Amino acid sequence: DGGITQSPKYLFRKEGQNVTLSCEQNLNHDAMYWYRQDPGQGLRLIYYSQIVNDFQKGDIAEGYSVSREKKESFPLTVTSAQKNPTAFYLCASSQGASWPQHFGDGTRLSIL
Amino acid sequence: QQQVKQSPQSLIVQKGGIPIINCAYENTAFDYFPWYQQFPGKGPALLIAIRPDVSEKKEGRFTISFNKSAKQFSLHIMDSQPGDSATYFCAASREYGNKLVFGAGTILRVKS
């Protein structure tokens, strides 16, 4: 089945640690996105990538980093500089910048 | 200019009722307005979307109404069922789907 796989489903981080969230898609989509979801708020865009080896900051990029070395993979690193990392992180992909976005089932990150 | 305001925050209806969720936007450059449905622990799923050149779009029991002059759009769910209980998000973007701006979400409960 084609889709977007996010792993792990739950992730715990100690203070001062970096942590990387995985996002893989087998839909052959060119564009990929990372969003953060907090209770009572909509999704906010962290980073997006329209092609391999290229990505742009979204609205809340501070404290996060990404890479896009392969078309199917778009990992997100939450660095120790992110002051409030506890959230539900969602990865999405689309056929291109002008196509609907489809989401994975998310990773819930918590701080120990 | 980038904000999308969604109301109500939560909504309870009886089975068979017609819940209505409203969204308002500010940026007149937005030209794509999707609605997403999200169940607990899952990623949002695209439900229905509209472009500003039409005033209404129906897909099954779901209808979007769009008022370009008022910069408002709404989701109606006909003959609502308990299985429709979920969180609904409206969104908007320029360039058809790229860099979506989300509303804060509406938690819908359909009582049987």
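We use all heavy atoms of the structure for the numbers below, so side chains are in, but hydrogens, waters and symmetry mates are not. Treat the numbers as computed from the prediction; the structure is a model and nothing was measured. The chains referred to below are lettered A, B, ... by the order of the sequence lines, with proteins before strands, and numbering in each begins at 1.
For chain B, the nearby part of A:L90 is the side chain; its heavy atoms alone come within less than 4.5 Å. B:P34 does not touch chain A: none of its heavy atoms, backbone or side chain, sits under 4.5 Å away. In this structure, no portion of B:Q9 lies under 4.5 Å from any heavy atom of chain A. Heavy atoms of A:Q37 lying under 4.5 Å from chain B belong exclusively to its side chain.
In this structure, A:K14 places its NZ atom where only 12 or fewer heavy-atom neighbours from other residues, nucleotides or ligands lie under 6.0 Å away.
Placement of A:Y10 and A:V19 in two distinct hydrophobic clusters is found when ILVMFWY residues are connected by side-chain heavy-atom separations under 4.5 Å, directly or transitively. Hydrophobic cluster membership differs between A:Y35 and A:V66, with clusters built from Ile, Leu, Val, Met, Phe, Trp and Tyr side chains linked at under 4.5 angstrom. No continuous path of hydrophobic side-chain contacts links B:V101 to A:Y47 [ILVMFWY only; heavy atoms under 4.5 Å]. A:I4 and A:L45 fall into different hydrophobic clusters, defined by Ile, Leu, Val, Met, Phe, Trp and Tyr side-chain heavy atoms under 4.5 Å apart, directly or through other members. No continuous path of hydrophobic side-chain contacts links A:Y64 to A:Y33 [ILVMFWY only; heavy atoms under 4.5 Å].
Separating the NZ atom in B:K99 from the CD atom in A:Q56 is a distance of 8.5 Å, to the nearest 0.5 Å. For the atom pair B:L46 CG and A:S94 OG, the distance stands at 11.5 Å (nearest 0.5 Å).
Interface check for chain B: of the options A:Y48, A:F103, A:F88, the most heavy-atom pairs under 4.5 Å are formed by A:F103.
Here the shortest heavy-atom pairing between B:F89 and A:G42 reads CE2-CA, 3.8 Å. Across every non-hydrogen atom of A:G40 and B:A104, the tightest pair is O-CB, 3.7 Å.
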Between A:R44 and B:F102, is a side chain to side chain contact (heavy atoms under 4.5 Å, CB included) present by the stated rule, with each step listed? CA-CA 7 Å; A:R44 291 181 290 167; B:F102 283 83; over 6 Å; no

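With a 4.5 Å cut-off on side-chain heavy atoms, B:Y36 and A:Q101 count as touching.
Under a 3.5 Å cut-off, the side chain of B:K42 and the backbone N or O of A:G104 do not form any donor-acceptor pair.
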